[in-house]
Amino acid sequence: MISKLFQRNETYLFFVIMAFSFFVTVMNPSFLTVENMFDLVKSSSGMAILAIAFFVGLLSRGIDISFPAIAIAGQYIAVNALIAMGVDSLPLAFLISCAVGTAMGATNAFFISSFRMQALIVTLGTSNIFHGALLVFVGTRAINTGKLPHCFKAFGHMNVLTLARPDGTLYGLSVFAVLLLFVIILTWFILNHTLLGKSIYAVGGNYESAKRAGFNIKRTLFFVYGYIGFLSGIMGVMHLSLIRYSNPNYIVDTELLRVIAAVVIGGARITGGSGTLTGTLLGVIMMVILEKNLVLIGLSSYWHQFFIGLVIVLGVSITYYQSKRQNRRNLLFTD
Amino acid sequence: MCQGVLSLLIMEKIGGGTLVPFLEAEKISKAFDGVQALDNVSISIDAGAIHCFVGENGSGKSTLIKIIGGILRPDTGQMRINGRPFTPGRAIESIRQGIQIIYQDLALFPNLTVAENISLNQLIEKRNKLVSRKKLIQTAKKALAEIEEECDLFEKVENLSMSKRQVVAITRALTQNARLIIMDEPTSAITKAEVDHLFSVITRLKQKGIATLFVSHKLGEIFEIAENVSIIRDGVKVGDYKAEALDDRKLTFLMTGQEIVSKPYLPKGNGPSQSHLLELTNLTRKGHYQNVNLFVNQGDILGITGLIGSGRTELALSLFGLNRPDSGEIILEGKPVSIRSSREAVRLGVGYLPEDRLLQGLAIEKSIGDNILATIVGKVLTRLRLISGEQRKRIESKWIKDLDIKTPSPAMPASSLSGGNQQRVVLAKWLATDLKLFILDGPTIGIDIASKNNIHHIIRDFAHRGVGVIMISDEIPEVLQHCNRVIVMREGRIEAEIEDVQGVSEEYIFDLAAAKKVGQGM
Amino acid sequence: MIGEARIVKLDNLTLLVIMVGTILAMSIFLPERFLTVTNFQSMSSQFPEYGLFAMAIMLTMITGGIDLSVVSVANLSGVAGALVLASHVKAQAMGISPGTIIFLAILAALVVSLICGWFNGLLITAVGVPAIIATLGTNGLFMGIAIILTEGHGIRGFPEEFLFIGSGTILGIPMPLIIFIGVALLVSLMLKKSAQGFKMYMLGSSPLVTRFSGISNNRVIVKTYLMSGLLAGIAAIIIISRVNSMRPGYGYAYLLLAVLLAILGGTNPEGGRGGVLGLCMAIVILQVLQSGLNILSFSPFLKKFIWGLILILFMVVNYYQTNGWPMRNLVRGGVKTGAS
């Protein structure tokens with residue numbers, strides 16, 4: 001059992017994170033405080049949810065890059081709808097955002113499953129369509145804090161656990177953590193305890209076999225992309241509640257790169273079917289603590305992008321070099 | 001039940017008179033792009049029978065299996081299960097009727113565990129929504145116990161041996177109340193001991209009333225296990241026979257439609273003084289092959305046979321620069337060489353015709369001309385380093401004519417050709433280079449009889465012109481007929497070297513290759 | 001079955017019809033604003049930048065890969081060139097002529113772009129990272145280096161003479177267009193007539209077959225990414241000359257546009273198919289449409305929407321063109337495995 005543990009990517013990643021956290025804590029003791037951890041959770045749970053979404057796509061051997069566009073569309077449509085209706089209801093906002101997201105995801109699934117197109121190309125197209133349509137048909141004006149329905153602001157401030165600092169002021173664990181936990185458990189349950197989840201692994205592992213085994217592949221793909229849309233919808237509302245500002249022009253492009261970086265260093269392969277939820281979450285943690293602590297290592301913010309790139313390149317190089325060598329040994333010429 | 005009766009008619013009367021067969025397929029026809037893959041083929045399988053379905057590669061066996069399995073739809077013809085009409089539209093409909101197909105590739109999910117692979121299909125069939133880990137493991141355990149097998153349930157399938165994977169595939173079939181298990185060439189990748197093991201599993205299945213349709217093109221196996229034998233040739237059924245009524249010769253004749261007359265290949269007068277073209281000394285690649293010593297002379301056709309996994313392809317790939325040996329020497333024309341890439345191999349005059357024609361040999365979407373040019377594109381350049389259209393045209397038409405490739409134009413895609421013509425294109429692409437050593441791995445797999453002969457002629461021609469040829473094949477008759485020397489490999493070692501193939505029996509080679517007892521020392 | 005040669009021609013025919021159609025439509029409905037020299041000049045100085053990116057991506061797609069780092073490569077080489085150019089005042093004081101400086105700057109940009117391409121090629125071949133992930137990573141890496149080098153600020157102050165490359169005209173033809181046409185001809189020649197081009201198509205169609213034909217896949221791929229880098233470097237020179245400054249992050253939106261153009265131009269993202277002619281027609285179609293939308297003062301967002309729509313529609317049309325009859329998938333599966 002132990003030896004198996006050490007064959008896993010996650011184990012190494014875990015130790016790297018531990019070592020890095022230790023290093024950072026030595027440099028800056030305020031890093032390893034409950035307050036800082038709470039902060040990290042709050043600011044990165046949106047990214048974690050997107051990473052989970054992207055991971056589910058990768059499992060089925062699809063690269064879906066439309067999630068930033070979907071998230072912004074879900075968010076902006078929801079907030080506009082709320083304002084137009086004069087309703088101040090968070091559940092309704094989530095409902096609208098997730099419905100929009102799921103519908104967009106289903107659109108992706110339609111093209112991917114019906115025409116056997118590469119998910120990457122389809123979502124490249126649809127993310128333009130979604131974002132373009134949002135700006136043309138819904139609006140281009142940013143909605144600032146003043147106009148924002150109250151429920152979002154309240155949601156952004158809501159804590160599930162409140163602690164006091166030594167000086168008596170309060171801080172707490174954001175409700176975002178609960179939402180993230182919910183998404184993690186839901187995804188974990190689907191992937192490990194439902195046939196649908198297994199069908200995702202199966203489609204990603206061996207498409208032909210999955211077809212022969214009698215899996216309904218179309219349904220699986222509709223679920224995968226619908227779910228990605230759904231999660232993006234959730235993230236859209238969370239993001240809005242966090243920054244209390246909705247700008248439809250702001251398409252989360254850097255978010256895209258960060259999310260993909262997190263997932264691939266978490267060990268998921270783009271060749272589908274492999275990788276774990278744990279790995280993905282560790283990948284997110286890795287990215288977040290790296291980013292937050294770059295300054296600490298003495299690097300200015302200009303180094304930010306370089307660092308993300310470097311982490312992706314190094315992370316994937318290790319993963320793929322290992323499998324390349326193994327394939328060579330097994331005379332699998334996977335060009 | 002009945003004795004030595006050959007005709008289909010009589011067998012139907014006796015075998016199917018009182019009992020309705022489990023599966024009947026009647027007058028099934030199927031054409032692909034105008035090529036008749038199956039022409040009015042009928043087959044009937046009794047419950048609990050062990051039935052062999054024999055035919056050469058490309059005879060239409062796989063097409064029929066796919067029709068029974070609901071993956072393809074027949075153009076005409078009907079099927080019945082237990083006397084009731086059966087028209088599967090999807091794979092799952094066949095599965096629900098108790099038909100399980102184990103394909104050559106086993107159709108497993110490498111990224112899932114043994115337990116998952118075994119149990120998932122059952123869940124799909126039962127339309128379960130949830131997957132309970134406990135249930136998964138229970139199902140897998142139960143099914144494994146049923147055929148008295150053991151396997152680490154939590155291991156990922158990608159880490160298993162071929163034979164273990166096969167067990168997983170069979171076990172999976174059992175979880176779905178299989179009444180008929182169809183095995184497509186199940187023995188091509190496993191050792192003799194494993195084959196025996198497989199046969200004992202099949203016998204146990206029979207005891208449970210499960211029929212097995214065993215699809216094969218190898219002769220030795222068939223008599224060991226079969227009760228009934230159906231033979232198909234070029235998409236047409238030759239007949240149904242009781243296994244007892246057949247012998248090797250008869251079966252070969254029925255399968256191939258010709259009496260195979262041995263006229264072994266003899267190289268043109270090569271004196272004993274001639275130095276070797278290729279010599280391998282103690283060539284070793286750990287885990288693939290060990291201490292291989294052999295030589296090839298100009299004009300030789302050296303046959304290498306052995307099971308898949310015997311190291312034959314691994315060795316060939318080493319000579320072609322795609323599998324670097326750990327130790328030992330490759331000596332080509334008296335000089336030690338290190339072949340680090342296929343590019344270097346070609347430069348040294350080594351060519352390789354791969355086993356998998358459709359994946360490795362031929363770019364199927366590309367034109368015939370492009371395929372021929374693939375090996376020599378660097379040599380048809382003008383002074384400006386551009387491809388010379390004139391030279392290109394000349395080479396294309398020369399080889400199309402010389403090898404009699406049947407096509408209206410070299411611009412036609414390779415996919416438009418029949419198997420035999422495709423293989424001739426692959427041959428052409430190597431003939432066009434200045435070859436010294438030509439390695440052919442399974443040169444006639446999936447090729448019809450007429451083309452087979454033609455290809456063998458081309459290979460002989462080649463050798464007569466002074467090229468050293470290594471022909472790898474698991475069809476022992478092919479090796480015996482067309483090679484002047486034969487090497488038998490087993491588990492990465494050279495088991496025997498036969499200098500004179502005349503008078504050597506197939507059986508003898510088969511036993512060498514399969515070595516009844518695994519681990520028997522050298 | 002339809003021959004490959006015919007498929008390519010069909011693709012190009014569709015493109016040709018669309019291209020002629022759009023140009024005609026524009027000329028008929030908006031003659032006084034579309035059919036002007038100024039409009040043509042402005043159109044033809046816009047597209048060479050992203051046209052070169054698209055061409056780079058097309059090359060990599062032909063081999064079955066993709067280069068998502070082209071814009072970043074251009075940024076990094078642009079910074080390299082700009083840094084040299086910006087030193088011209090100092091250099092002139094030391095007696096170095098502006099011509100030499102411009103030459104050195106171009107050299108610096110191109111060398112950097114080649115290094116980037118080589119690095120991509122190495123990651124894909126020697127390390128074995130799938131192109132899409134490798135170039136996604138280097139996309140961040142190269143842009144990151146550009147940002148570090150400039151600390152996020154723009155670089156300006158180039159010699160006057162340098163600006164001719166991006167803004168000058170010869171006989172009324174904008175320089176970027178001349179450069180683009182020259183590059184397009186060379187790339188086309190390379191693809192259709194050189195051994196490298198032949199190998200690229202072969203490799204994209206079936207990497208196993210090339211490997212088993214004694215072609216070094218690694219060499220072909222590395223050369224492809226070198227060329228892709230070089231094209232991005234040329235684009236960088238045009239960009240910094242036209243904009244007369246270099247600011248990292250420039251042209252980020254071009255990436256999507258370039259991928260879209262490559263696919264619209266008939267390049268098969270799975271490899272083995274594509275060409276300069278198709279790409280150029282796709283560029284003309286897009287540029288004419290864009291010009292039309294501009295004249296009609298449509299919002300830029302509508303353009304985005306339309307580009308996405310065109311991409312998806314084109315893929316659907318392609319699908320039906322190659323898989324015309326619905327039974328074909330079954331037939332294919334049968335042929336492939338039917339021989340076993």
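Quick note on labels: first sequence line is chain A, next is B, and so on, each numbered from 1.
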Less than 4.5 Å apart, any side-chain heavy atom of B:Arg343 and any of C:Ile215?
no
Side-chain contact, heavy-atom cut-off 4.5 Å: C:Phe198 with B:Arg392?
yes
Mind listing the closest non-hydrogen atom pair of C:Lys199 and B:Val377 along with its distance?
CE-CG1, 3.7 Å
B:Leu373 versus chain C, the contacting section by heavy-atom distance below 4.5 Å
both
Within-4.5 Å side-chain heavy-atom neighbours: C:Lys192 and B:Leu386
no
Between B:Asp356 and chain C, with a heavy-atom cut-off of 4.5 Å, which part of the residue counts as in contact: side chain, backbone, both or neither?
neither
Is the closest side-chain donor-acceptor distance between B:Lys366 and C:Ser206 under 3.5 Å?
no
Side-chain heavy atoms of B:Lys429 within contact of C:Ser213, under 4.5 Å
yes
Heavy-atom pairs under 4.5 Å with chain C - which of B:Ala374, B:Gly378, B:Ser388 has more of them than the others?
B:Ala374
By side-chain hydrogen bond (donor to acceptor under 3.5 Å, both in side chains), C:Asn268 pairs with (sequence neighbours left out) none
Between B:Leu322 and C:Arg211, is any pair of side-chain heavy atoms under 4.5 Å apart?
yes
In Å, rounded to the nearest 0.5 Å, how long is the span from CD of B:Glu365 to CD of C:Glu270?
9.0 Å
If a pair satisfies side chain to side chain donor-acceptor pair (under 3.5 Å) and one of its residues is in residues 344-355 of chain B, list it, with sequence neighbours excluded.
B:Tyr352-B:Asp441
Side chain from CB out, backbone as N, CA, C, O: work out which of these in B:Leu362 comes under 4.5 Å of a heavy atom of chain C, or both, or neither.
backbone
Would a 4.5 Å heavy-atom cut-off, applied to side chains only, mark B:Leu353 and C:Phe212 as touching?
no
Could you tell me which portion of B:Ala345 (side chain, backbone, both or neither) has an atom closer than 4.5 angstrom to a non-hydrogen atom of chain C?
neither
Enclosure of B:Lys379 NZ (heavy-atom neighbours >12, cutoff 6.0 Å)
yes
Measure the spacing between CG of B:Leu381 and NZ of C:Lys193 and express it to the nearest 0.5 Å.
11.0 Å
What part of B:Ser341 lies closer than 4.5 angstrom to a heavy atom of chain C: side chain, backbone, both or neither?
neither
